[in-house]
There are 2 protein chains.
Amino acid sequence: MTNDNTMRMTRQRQVILEELKAMHTHPTADELHRRVRARMPSISLATVYRNLKLLAEAGFITEIRTVGVQRRYEGNVDDHYHLTCVRCGRVDDAPVPADSDLQEAVNNATGYRVLSHRVEFLGVCPSCEKSSTQNPTARSGRGNRVSYKQSHNRKEFYQ
Amino acid sequence: MTNDNTMRMTRQRQVILEELKAMHTHPTADELHRRVRARMPSISLATVYRNLKLLAEAGFITEIRTVGVQRRYEGNVDDHYHLTCVRCGRVDDAPVPADSDLQEAVNNATGYRVLSHRVEFLGVCPSCEKSSTQNPTARSGRGNRVSYKQSHNRKEFYQ
DNA sequence: GTAGGAATGGGAATCATTATCAGAATGACG
DNA sequence: CGTCATTCTGATAATGATTCCCATTCCTAC
């Protein structure tokens, strides 16, 4: 890509963009790579990463950074928040409007020049909830130990 | 650690906890490791990671996941939001109260069982702002290219 | 004391992402 | 059209934060 605000729309770039826009989920780079390879078998994962990055910087798509290790991408570029399943890593859109006043408040109350903000909700998605097998058998500690409250089931801590 | 809500308070664990509580910043694991080694030279980075994780799960400290690659930790366990510098990665507390109503709204409007939420503000901190050298010399694109608006200065995208 | 579980240190492994680089594709311009 | 500079691609290596592994050490209960 040049630095004059233009880029070639190569076949690879186009297919990546088309496929992402056609999916209404929030795929990771390798999930999208698998899908793009159906149309273009020789495309490499590096090309997918490279173009997702460029397309996100250019504003065509959104890169989502969640609590999970892997980044996710989406075709929707409207400003909105996300909801992540702490069990399986699935990401959905959160049904609450983005709040620019909050960002403005932080901008005014600090020495930072605030550019953006991100909100992420963490929870258990319907399908993980169905297949759950909770057994919180807590006993009380004693002896020369420090006791504590578990803030959440450790197994739920998605990656 | 056992799974009966107790843990030994080993010397390593104690020193890690004390040092983190004494710092009023938001260090990464390796920053804290350097500091702890001043008191306990043989402690390994793996032990620091292990104990930060356990202490966070037990609710003694907070693990902060920001846009940066490295996680950060803090002694303050009150519910609050963070503000990250996109240039240098520095993290500060955001001076706005945590909003539990927002989380409740998402819980009620989705099939998820929402457990928590995170809010992160991104901006340029005062010291990076001072040392900035902006030169947004945008020319218009032409030819068989796709033009776009840069949503932000690429260099600001803190890893 | 001693046995058994828990924790440590150090180094290897993991894994998402980025860098590198030679060759292929593309666009500009005569 | 042909050439040339630039951009892009595919393959693979490198990176780096975090976790895993495991032999040894440490604690705690009895």
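- Atoms CE (A:Met7) and C1' (D:dT9) sit 15 Å apart, rounded to a whole Å.
- Straight-line distance from the CG atom of B:Asp30 to the C1' atom of D:dT18: 11 Å, rounded to whole Å.
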Measure all distances between protein nitrogen or oxygen atoms and nitrogen or oxygen atoms of nucleotides 3-5 of chain D, and list the pairs falling under 3.5 Å.
none

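- At the phosphate of D:dT18, neither OP1 nor OP2 sits under 4.0 Å from any side-chain N or O atom of B:Lys53.
- Checked for salt-bridge contact, B:Arg39 and B:Glu18 meet the test: a charged N lies under 4.0 Å from a carboxylate O.
- Going from atom NE2 of B:His33 over to atom C1' of C:dT8 covers 12 Å, rounded to whole Å.
- Taking side-chain N and O atoms only, A:Thr10 has no distance below 4.0 Å to OP1 or OP2 of C:dA25.
- The distance between atom CZ of A:Arg13 and atom P of C:dT26, rounded to the nearest whole Å, is 12 Å.
- Between the side chain of B:Asn108 and the backbone N or O of B:Glu104 there is at least one donor-acceptor pair closer than 3.5 Å.
- Regarding B:Glu63, its CD atom lies at a distance of 15 Å from the P atom of D:dA17, rounded to whole Å.
- Across the protein-nucleic acid pair, B:Arg37 atom CZ and C:dG9 atom P stand 11 Å apart, rounded to whole Å.
- Under a 4.0 Å N-O distance rule, the pair B:Arg65/B:Glu63 qualifies as a salt bridge.
- Within 4.0 Å of B:Asn51, counting heavy atoms only, lie sugar-phosphate atoms of the nucleic acid but no base atom.
- The main-chain N or O of A:Val114 is found under 3.5 Å from a side-chain atom of A:Asn107 such that the two form a donor-acceptor pair.
- Along DNA chain D, the nucleotide closest to B:Arg11 and the one closest to B:Tyr73 are compared, and the more 5′ of them pairs with B:Tyr73.
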Practice task
Let me have a per-nucleotide readout for nucleotides 10-16 of chain D, 5' to 3', with B, S or -, counting only protein heavy atoms under 4.0 Å.
Solution key: BBB----
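- If you measure from atom CZ of A:Arg72 to atom P of C:dT17, you get 10 Å, rounded to the nearest angstrom.
- Counting to the nearest Å, the C1' atom of C:dC15 and the CG atom of A:Leu45 are 12 Å from each other.
- Phosphate proximity of D:dT19 to B:Tyr49: absent, as no side-chain N or O sits under 4.0 Å from OP1 or OP2.
- Remark: B:Glu31 pairs with B:Pro27, B:Thr28, B:Arg34, B:Arg72 by the side-chain contact (heavy atoms from CB on, under 4.5 Å) rule, at least two apart or across chains.
- Side-chain N or O atoms of B:His26 include one that pairs as donor or acceptor with a backbone N or O of B:Val91 at under 3.5 Å.
- In terms of phosphate contacts, B:Arg65 brings no side-chain nitrogen or oxygen within less than 4.0 Å of OP1 or OP2 of D:dT18.
- Counting only distance, with no hydrogens or angles, the side chain of A:Thr84 and the backbone of A:Val86 share no donor-acceptor pair below 3.5 Å.
- Of the possible donor and acceptor atoms, one in the side chain of B:Glu120 sits under 3.5 Å from a partner among the backbone N and O of B:Val67.
- Taking each heavy atom of A:Glu74 and A:Ile61 in turn, the nearest pair found is O-CB, 3.4 Å.
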